[in-house]
Amino acid sequence: MSALLEKPRTGGKQTLPRPEIARKPAVKPELKIRARIIQRKRPNHGPVIVGKCLMFVTLLGITFMVSSFTGQLLLEGARQERMEAKRRANDAKQAEEVLAAKLRTLVSAGGIEDWALSHGFVAPESQIEEKAKTRGLLASR
């Protein structure tokens, strides 16, 4: 307080002493505060995605080609079977025509008489006619 009293008064106002400005220290303390930065290596997903897409497209192409080839083989096999079935049907039709012609000759009256004569059968009417000829009874014929 003595300092306050020693200073002259001006206009009835009392002035407070000026505080001394703190000087900057000569040696500046260096505080290096570094936050611990953890850098994670970000994976680059681009090549992985491109690789998987290429693998998918490759497998898709291979599957398409194999299934197309298999389909062509099955189709060709069916075509060959159809041609073989047509050939067998034509052969069967020709064999049926041959058998039908033989059956017509066997069923006809002349065919039956030829068969009977070749196996030793004689019709009863012809036996009567032969007896009548030998006895002379049948003069009209």
Requested in this report: Might you work through the side-chain contact (heavy atoms from CB on, under 4.5 Å) test for Phe69 and Leu73, ending with a clear yes or no?
Outcome: CA-CA 6 Å; Phe69 182 67; Leu73 284 178; 3.4 Å; yes
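- The shortest non-hydrogen separation linking Thr63 to Leu59 is OG1-O, 2.7 Å.
- Rounding to the nearest 0.5 angstrom, the gap separating the CD atom in Gln80 from the CG atom in Leu75 is 11.0 Å.
- Contact check on Glu84 versus Arg87 returns a salt bridge, with a Lys/Arg side-chain nitrogen under 4.0 Å from an Asp/Glu carboxylate oxygen.
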Scan the side chains in residues 105-114 for donor-acceptor partners under 3.5 Å anywhere in the protein, sequence neighbours excluded, and list what turns up.
{"residue": "Thr105", "atom": "OG1", "partner": "Lys102", "partner atom": "O", "Å": "2.6"}
{"residue": "Ser108", "atom": "OG", "partner": "Thr105", "partner atom": "O", "Å": "2.9"}
{"residue": "Ser108", "atom": "OG", "partner": "Gly111", "partner atom": "N", "Å": "3.3"}

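- Atoms NZ and NE2, on Lys52 and His45 in that order, are 10.5 Å from each other to the nearest 0.5 Å.
- Scored by the salt bridge (Lys or Arg N to Asp or Glu O under 4.0 Å) test, Glu76 finds Arg79 as partners (sequence neighbours excluded).
- Distance CG/Leu60 to CE/Met55: 13.5 Å, rounded to 0.5 Å.
- Other residues sharing a hydrophobic cluster with Val50 under the 4.5 Å side-chain heavy-atom criterion for ILVMFWY residues are Leu54.
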